[in-house]
Participant: 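Just passing along the structure, written as structure tokens.
It should be emphasised that the depicted structure is a prediction, and the values quoted were computed from it without experimental measurement. FYI, side chains are in, hydrogens and waters are out, and symmetry mates aren't considered; it's all heavy atoms of this structure. Quick note: residue numbers are just sequence positions, from 1.
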Amino acid sequence: MAKEFGLETVSVPGQTLERQEIAAVKTRLLERSNSRDEAEMEMCRLRILFVNDVYELDNWPRFITAVNNLTVEKENTIVLLPGDFVAPSLLSSLDHARGMIDCMNQVKIQYVCFGNHETDIPHSELIARIKESNF
């Protein structure tokens, strides 16, 4: 929606839009969005929440709060961690990522991808963490 744009300059292939042009684009988008039914707009929205390269557990409570606030009654939301989900934190080197998986299960991460640090823990431990996960 137009209300979400906070841009000063927008690059478009072959041109740059300045502030007045952006205002005009915002106005057109807002007019178009106001003419649509809110339910229709919500059906077409996909929200992706992600965090990656998590090396410490300190920020997980804030991310959990953000996910909970942004996903309440929102079916079109995906929560993912695209890499480095078990290491290289100091704790993961000691507990082979048990604490990290516990946090990820609390956040309700749905999808993860392997990053280059997933091989930092023994393969058997990685398999065990995958089995312990809810994603």
Participant: Tell me every residue that passes side chain to side chain contact (heavy atoms under 4.5 Å, CB included) with Pro61, counting only those two or more places apart in sequence or in another chain.
Facilitator: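 For Pro61 there are no side chain to side chain contact (heavy atoms under 4.5 Å, CB included) partners, ignoring immediate neighbours.
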Participant: Holding to ring-ring contact (aromatic ring centres under 6.0 Å, His included), I want the full list of residues that pass it with Tyr111, two or more places apart in sequence or in another chain.
Facilitator: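 In terms of ring-ring contact (aromatic ring centres under 6.0 Å, His included), with neighbours along the sequence ignored, Tyr111 is linked to no residue.
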Participant: Would you please name every residue forming a side-chain hydrogen bond (donor to acceptor under 3.5 Å, both in side chains) with Asn116, sequence neighbours left out?
Facilitator: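 With sequence neighbours excluded, Asn116 shows a side-chain hydrogen bond (donor to acceptor under 3.5 Å, both in side chains) to no residue whatsoever.
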Participant: Hey, could you give me each pair passing salt bridge (Lys or Arg N to Asp or Glu O under 4.0 Å) that has a residue in residues 126-135? Not counting sequence neighbours.
Facilitator: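 For residues 126-135: Glu125-Arg129, Arg129-Glu132.
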Participant: What distance do Asn59 atom CG and Thr65 atom OG1 have between them, rounded to the nearest 0.5 Å?
Facilitator: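 Output value for this atom pair is 11.5 Å.
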Participant: Could you grab the distance from atom CG of Leu70 to atom CZ of Phe63, nearest 0.5 Å is fine?
Facilitator: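 The CZ atom of Phe63 is 9.0 Å from CG of Leu70, to the nearest 0.5 Å.
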Participant: Can you tell me how far CG of Leu49 sits from CD1 of Ile78, rounded to the nearest 0.5 angstrom?
Facilitator: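 Output value for this atom pair is 9.5 Å.
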Participant: Under the side-chain contact (heavy atoms from CB on, under 4.5 Å) criterion, do Val51 and Trp60 qualify, and how do the steps go?
Facilitator: CA-CA 10 Å; Val51 61; Trp60 277 114; 4.0 Å; yes
Participant: Should Phe114 and Leu126 count as side-chain neighbours, where that means a heavy-atom distance under 4.5 Å?
Facilitator: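 SC-SC contact between Phe114 and Leu126 confirmed.
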Participant: Check Val86 against Ser92 and note the closest heavy-atom contact, atom names and distance.
Facilitator: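 In this case the closest contact between Val86 and Ser92 is O-OG, 2.7 Å.
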Participant: Compile the donor-acceptor pairs under 3.5 Å between side chains in residues 96-104 and protein atoms, sequence neighbours left out, one pair per line.
Facilitator:
from, atom 1, to, atom 2, distance (Å)
Arg98, NH1, Asp95, O, 3.1

Participant: Kindly write out the residues that satisfy side-chain hydrogen bond (donor to acceptor under 3.5 Å, both in side chains) with Asp120, not counting sequence neighbours, or none if the list is empty.
Facilitator: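 If we apply the side-chain hydrogen bond (donor to acceptor under 3.5 Å, both in side chains) test to Asp120, skipping adjacent residues, the hits are His117.
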Participant: Is there a donor-acceptor contact under 3.5 Å from the side chain of Gln110 to the main chain of Leu80?
Facilitator: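 A pair under 3.5 Å: no.
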